[in-house]
Amino acid sequence: MKDGFVKVAVSSPDVVVADPDANSKKMIEKAEAMAACGVRLVVFPEMSITGYTCGDLFLQDTLLDGAKEALFDYLYQTAELDIVSVVGMPLEHRGKLYNVAVVASGGHILGVVPKTYLPDFGEHHEGRCFTPGRPNMGEINIGDEVVPFGTSLLFRDAWSSCFTFAVEISDDLRALNPPSTQHAAAGALIIANSAASAEIVGRADYRRMLIKSQSARTISAYLFADAGFGESTSDMVYSSHNLIAENGFMLLENSPFDKNRDLMMEIDLHYLRNQRRRVSTFEQADEEDVYRVVTFDIGAPVETPLTRHYSKTPFVAENENELKETARTVINVQSASLYKRFSHTGCKNALIGVSGGLDSTLALLVTAHAFDRLGYDRKGIYAITMPGFGTTERTHNNAEDLAKALGTTFMEIDIKESVRRHFSDIGQDENVHDVTYENAQARERTQVLMDYANKVGGLVVGTGDMSELALGWATYNGDHMSMYGVNASVPKTLIRHLVKYMADTSEDEKLSRVLYDILDTPVSPELLPPENGVISQETENIVGPYELHDFFAYHMHRTGATTEKILRLAKYAFKGEYDEETIKKWLDIFMKRFFSQQYKRSCSADGPKVGTVGLSPRDWMMPSDACGRLWSLDR
């Protein structure tokens, strides 16, 4: 289970109603196929040994005895497989009949979980035959085995405590207080549900909503194996709608009535464990008080090959409609935050250093949006461009055209002579293009903005983004400083899409035209002289591709992945685009810069959080002098 990945499956074999032997044989075939694919946990539907629609036949000894014999055959035939199985069947105990899920591995029964909530309304008549289960019902005899019986059972891998799962059955999920809630609180990271959910209009959406919601609430992986083909259609039809969700996200599902009724997927248990650690509202219960832990051994952990999708741009939705909704939400969050800051301070003037680049463009667009909300005149937005030694005609013109298209007050203050005087004061040779040469320009621009803000009684709106903050790619007390950092939690990969959204939806052709040209301009601080009038200093050639850095930042902060795991995921997601050495090079730079540049984040200005990852000193609390050795690939 390297990096916390374990492969799981849900399967809905064709059922022959009231023929346990036939059903057992089909499940054996499925278990063998799943194990051959590296699956370590397979979940079959409710009453998978007999079929769910047996009705009063469940009360017949013939069916009950046949189900036991079929179970024993399943145990014998799967004894050599490195897999844990969850199978459904009717089982008598102390004169009462229970709808149970039998958990088995290595030819032995690990435990038996009865269904808690028996539906007895509408098309359901389970109360006619079955008795509700309770948390701790002692032991049950099945053949020669005496095993734990009850709903409060945890099943745990002997090699990894992360691989802990529990079981609930079908309508248990629909209860006011589902058993899976207690299972998760007791430590189960995977919930297995053996189900038989009849298909009617609207049921698939309802089922999907329940599973996504419960997996999010319990911060777990939820495996739903649904009954389907072969069940009796005397009253209802079953569709084998199988689903695998993880912490509120649907990893994999088939369509109801789909021919493919077997789903296999890797679950990231380390990610789930990390999320529970960081979410303080997730209350862990003491499993020893109520729960019994049953250990299983399916062999030493092995590396699980990845087949699940990992987005190369985790901050950017891949669905076009979702991306548009994200853009609307982020821009509204940013403008609403500025609305509050300006209304609270009483300031009616904003100052922004516009460079013709993406970051300052977004900041200016959002500020204009906020001023419209406030009912302020956009002339109170001072869009100041400050040409330096690296400014090109293209970016200069775009900055001016953007400011004028938005109806703001455009100003140009050339900083070259001021910086030269400063060079003279400190003895800096203008021909030496070192860090002093670059940063002096950034600090001069910030001085101009801050002083002019005092002059007009305004607030300086910062333009730096979260990707730059993570890398420390900002001049301390230069572009690092502002009175409000409106882009502070917006990653570079998302900023491009936000600006494009504004360009696509603008009714002003002139504005759209300049925005498209800004989108087509290479990312650059423009601090070094251009070559033949063209930008000579491209940021991504220096610190690396932002799509990689944003990928690294997301998985470090959002999923809690180790550096080695981030490398593995990046190699998988960017296969064919970057080789391993290239990814390692930029990952090493990311980690080194992230730790060495924390002091810049520790004193950064206020700024709104727009997504699940934020690096403000109130959201990411880390000592400025923390050692990054453990996060290095070379440790």
Side-chain angles (χ1 to χ4, degrees), residues 3-5 162 189 212 215-221 245-251 265-282 306 308-319 322-323 325-327 329-330 333 465-471 487-495 497-498 544-574 583 586-587 590-591 593-595 597-598 601 604 607-622 626 628 630-631:
D3 299 320
F5 291 108
C162 273
L189 285 169
K212 290 176 66 175
S215 74
R217 184 178 293 107
T218 58
I219 312 181
S220 68
E246 182 184 84
N247 194 25
F249 294 91
M250 193 60 65
L251 293 182
M265 180 52 62
E266 307 85 54
I267 298 300
D268 190 345
L269 297 176
H270 285 180
Y271 159 65
L272 294 171
R273 180 183 62 183
N274 176 270
Q275 295 310 293
R276 288 187 179 182
R277 276 201 301 255
R278 66 192 294 270
V279 177
S280 61
T281 52
F282 185 88
L306 298 179
R308 61 188 283 179
H309 176 68
Y310 277 97
S311 172
K312 291 180 289 187
T313 54
F315 292 111
V316 181
E318 295 179 302
N319 177 278
E322 290 181 13
L323 183 53
E325 182 59 31
T326 296
T329 300
V330 172
V333 167
D465 61 62
M466 189 179 74
S467 304
E468 293 176 343
L469 204 57
L471 292 164
N487 294 337
S489 68
V490 187
K492 186 76 78 176
T493 48
L494 181 56
I495 284 182
H497 291 278
L498 298 179
Y546 275 117
E547 63 178 351
L548 283 179
H549 288 308
D550 284 355
F551 185 91
F552 301 154
Y554 178 86
H555 286 286
M556 178 184 183
H557 298 94
R558 184 68 182 87
T559 71
T562 63
T563 309
E564 291 79 4
K565 185 173 180 178
I566 294 172
L567 174 61
R568 180 184 178 187
L569 296 180
K571 286 165 53 182
Y572 178 72
F574 291 96
I583 294 173
W586 297 122
L587 179 55
F590 174 85
M591 289 299 176
R593 291 191 67 98
F594 185 83
F595 278 87
Q597 303 294 298
Q598 171 63 25
R601 295 187 292 275
S604 58
K609 184 174 181 179
V610 304
T612 56
V613 176
L615 295 178
S616 77
R618 290 151 297 281
D619 195 272
W620 176 256
M621 297 182 181
M622 168 180 156
L630 290 177
W631 285 262

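Atoms considered below: every heavy atom in the structure, side chains included; atoms not considered: hydrogens, waters and symmetry mates.
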| message | For a quick test of reading the model, state the closest non-hydrogen atom pair linking F282 to T218 and the distance between them. | response | CE1-O, 3.3 Å

| Of all residues at least two apart in sequence or in a different chain, which pass the ring pair (Phe, Tyr, Trp, His ring centres under 6.0 Å) check with W631? | F595

| Which residues pass the salt bridge (charged side-chain N to carboxylate O under 4.0 Å, His left out) test with R593, sequence neighbours left out? | none

| message | For D268 and T559: C-alpha separation, side-chain torsions, deciding distance, then whether side chain to side chain contact (heavy atoms under 4.5 Å, CB included) applies. | response | CA-CA 10 Å; D268 190 345; T559 71; 5.5 Å; no

| message | With side chain to side chain contact (heavy atoms under 4.5 Å, CB included) as the criterion, how do T326 and T329 come out once you've worked through the C-alpha distance, each side chain's angles and the decisive distance to 0.1 Å? | response | CA-CA 5 Å; T326 296; T329 300; 5.8 Å; no

| field | Nearest atoms (heavy-atom pairs only) where R601 meets A470 | value | NH1-O, 3.1 Å

| Is there a donor-acceptor pair closer than 3.5 Å between any side-chain N or O of Q275 and the backbone N or O of N247? | no

| L323/V316 under side chain to side chain contact (heavy atoms under 4.5 Å, CB included): CA gap, chis, key distance, verdict | CA-CA 7 Å; L323 183 53; V316 181; 3.6 Å; yes

| request: Could you note down all residue pairs passing salt bridge (Lys or Arg N to Asp or Glu O under 4.0 Å) where residues 308-318 supplies at least one of them, sequence neighbours left out? | output: E246-R308, K312-E577

| Can you list the residues that meet the ring pair (Phe, Tyr, Trp, His ring centres under 6.0 Å) rule with H270, with sequence neighbours excluded? | none

| remark: For S215 and G248 the tightest heavy-atom approach is OG-N, 2.8 Å

| request: Validate the cation-pi geometry between K565 and Y271: distance from NZ or CZ to the six-membered ring centre under 6.0 Å, angle to the ring axis within 45°. | output: no

| query | So, does R276 use its side chain to make a donor-acceptor pair with the main chain of I219 at under 3.5 Å? | reply | yes

| Distance in Å, K571 NZ paired with L587 CG, rounded so as to fall on 0.5 Å steps | 11.5 Å

| note | Of all heavy-atom pairs linking K609 and V333, the shortest is O-CG1, 3.8 Å

| said: What's the separation between atom OH in Y572 and atom CG in L306, rounded to the nearest 0.5 Å? | reply: 5.5 Å

| query | Taking side chain as C-beta onward, heavy atoms only, is M591 less than 4.5 Å from I566? | reply | yes

| Looking only at heavy atoms, what is the nearest atom pair of L272 and L189, with distance? | CD1-O, 3.6 Å

| What about F551 and F574, are their ring centers closer than 6.0 Å? | yes

| Donor-acceptor contact present, side-chain R278 to main-chain R558, <3.5 Å | no

| Close side-chain approach of D465 to L494, heavy-atom, < 4.5 Å | no

| remark: Contacts of Y310 meeting ring pair (Phe, Tyr, Trp, His ring centres under 6.0 Å) (sequence neighbours excluded), chain-then-number -> H555

| said: Nearest 0.5 angstrom please: Q597 CD to L469 CG, how far? | reply: 10.0 Å

| Listed partners of S616 passing side-chain contact (heavy atoms from CB on, under 4.5 Å), at least two apart | R618, D619

| Full working for side chain to side chain contact (heavy atoms under 4.5 Å, CB included) between F594 and L615 | CA-CA 11 Å; F594 185 83; L615 295 178; 4.2 Å; yes

| Is there a side-chain contact between L471 and F552 (heavy atoms, below 4.5 Å)? | no

| How many angstroms lie between CD in E547 and CZ in F315, if you round to the nearest 0.5 Å? | 13.5 Å

| message | As a test of understanding, state which of N487, D550, T493 forms a side-chain hydrogen bond (donor to acceptor under 3.5 Å, both in side chains) with S467. | response | D550

| query | Side chains of R273 and L269: does their closest heavy-atom pair fall under 4.5 Å? | reply | no

